[in-house]
Structure formats: C-alpha cells, structure tokens
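The figures that follow rest on heavy atoms only: side chains count, while hydrogens, waters and symmetry mates do not. Every number for a ligand or one of its atoms is a count from 1 in the order of the listing.
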Amino acid sequence: MAQPAYEIDEMISAKSIAARIEALAREIKSTFDGTDKLIVVGLLRGSFVFIADLVRELDLPVEVDFLEASSYGDSTESSREVRILKDLRGEIAGRDVLVVEDIVDTGFTLSHVVALLKTRGPKRLETIALLDKPSRREIDIRATWTGFEIPDEFVVGYGIDYAQRNRNLPYIGAVRFTGGAA
Ligand code: IMP
C-alpha cells in the first residue's frame with residue numbers, strides 16, 4: 001500500500017538527546033547503585049538506538065536483553081491489543097530490571113509489559129521512556145524516568161519509525177503529511 005507523502009521537521013536535536021541521556025544515566029546509577037547486575041530490557045524495535053546510547057552512559061554492571069511487543073504495524077494509530085512477539089532470553093527473577101521504551105503514547109504497551117515482567121518476580125523493576133505523549137494516555141501509567149514530554153505529534157528518528165522508515169535519523173523529527181502519495 002502506498003504511504004502518504006510527508007516531510008520531517010526536527011523536534012529534538014541529537015545534541016539535546018545526548019545531554020538528556022547523560023543526566024538520566026546519572027539518576028539511574030544512583031537508584032541502582034550497588035546492584036550486582038542491572039538487566040536492561042529494550043522494547044524492540046524502537047528503543048534500539050536509545051538503549052545503545054543509554055547503556056554506554058551507565059556506570060553499572062549491565063546485561064542487555066530484548067523483548068518485542070506488537071505496536072502500530074504500519075499505521076499511526078495504536079492497535080490497543082498488545083502481543084509479545086519475542087520474549088526475553090534470560091531470567092529476571094530476583095534481579096534489578098530497567099525496561100527501556102521509546103515512546104509512551106496510549107500506555108498500553110508499557111503497562112502490558114510491566115505487568116507481564118512483574119509476574120516473573122524481579123527484585124526491582126523500573127522503566128524509562130525517551131519520549132512521553134501524556135495527552136494521548138488511555139492507561140494511567142508513567143515511566144520512572146522520561147527523556148522528553150512531547151505534544152500529540154507522530155515522530156520518527158533515533159530508532160523510531162514510520163512504516164519501518166526513518167529509524168536512522170540522528171534526531172527526533174515530527175512527521176508532517178503533505179498530501180498525495182509517496
Ligand atoms: P502505546 O502502547 O500506545 O503507548 O504505544 C507505544 C508504542 O507505539 C511505542 O513503543 C512506539 O513503537 C509506537 N509509537 C507511539 N507513538 C509513536 C510515534 O509518534 N511514532 C512512531 N511510533 C510511535
């Protein structure tokens with residue numbers, strides 16, 4: 001199916017993202033200081049760039065694992081039904097866990113994943129989202145740490161896609177539909 005044509009307006013620069021991640025990593029370190037191992041769980045696929053930058057700023061022993069939950073498919077609207085497409089490789093029982101999400105939008109994905117992982121008995125489970133769109137929330141959930149609150153706009157870049165495109169942009173940009181087909 002042809003995608004509608006769009007342009008991308010820069011919303012958050014690569015430099016601002018890097019500065020914010022440094023500050024977040026310091027807060028995470030102080031929360032988990034003394035841990036023997038922090039399991040950093042990236043939600044695929046949108047968090048892959050964020051998690052790569054975040055763990056390199058984290059001065060803690062970390063293990064990285066990934067979980068994939070179904071999200072928007074190729075549309076810009078949430079399906080509201082969350083399915084686990086790929087589960088963790090490792091065990092999290094008795095462990096410190098940090099779940100890394102790209103965007104909290106309606107909140108369905110994060111709340112589903114947190115509820116699931118809590119059933120596995122982690123010692124402590126916290127969450128971080130690079131972006132938060134509070135005006136879109138349908139489930140009452142907030143990540144422990146948020147990079148940036150943004151307005152109700154569809155964004156791409158820094159790992160985040162529109163129909164699998166634009167993940168490789170170094171910044172976060174807002175999609176502006178220009179009419180017509182791409
Ligand atoms: P939620 O379940 O509605 O909170 O949606 C979370 C997921 O939807 C995110 O992890 C993203 O994969 C996707 N998503 C939400 N907003 C956007 C956006 O603006 N651009 C691209 N993907 C988005």
Under 4.0 Å from any heavy atom of [X], which atoms of ligand 1 are there?
{"X": "I160", "answer": "20 (N), 21 (C), 22 (N)"}
{"X": "V155", "answer": "18 (C), 19 (O), 20 (N), 21 (C)"}
{"X": "K133", "answer": "16 (N), 17 (C), 18 (C), 19 (O)"}
{"X": "F108", "answer": "2 (O), 4 (O)"}
{"X": "I103", "answer": "6 (C), 9 (C), 10 (O), 16 (N), 17 (C), 18 (C), 19 (O), 20 (N), 23 (C)"}
{"X": "E101", "answer": "6 (C), 10 (O)"}
{"X": "E153", "answer": "19 (O)"}

Plane angle bin for Y6 and F177 - parallel if under 30°, tilted between 30 and 60°, otherwise perpendicular: perpendicular
Whether F50 and Y158 hold their rings parallel, tilted or perpendicular, with breakpoints at 30° and 60°: tilted
Contact partition for D161 relative to ligand 1, non-hydrogen atoms under 4.0 Å: backbone
Ligand 1-proximal atoms of T109, by part, heavy-atom distance under 4.0 Å: both
Please say whether more than 12 non-hydrogen atoms of neighbouring residues, nucleotides or ligands are located less than 6.0 Å from [atom1] in [X].
{"X": "K118", "atom1": "NZ", "value": "no"}
{"X": "D9", "atom1": "CG", "value": "yes"}
{"X": "E91", "atom1": "CD", "value": "no"}
{"X": "D87", "atom1": "CG", "value": "yes"}

G107 touching ligand 1 at heavy-atom level, < 4.0 angstrom: yes
Salt bridge (Lys or Arg N to Asp or Glu O under 4.0 Å) assessment of R137 paired with D132: CA-CA 9 Å; R137 198 72 89 255; D132 188 357; 2.7 Å; yes
Distance-only N or O hit between ligand 1 and V156, under 3.5 Å: no
Modelled atom types, side-chain donor and acceptor of E126 and T144, under 3.5 Å: yes
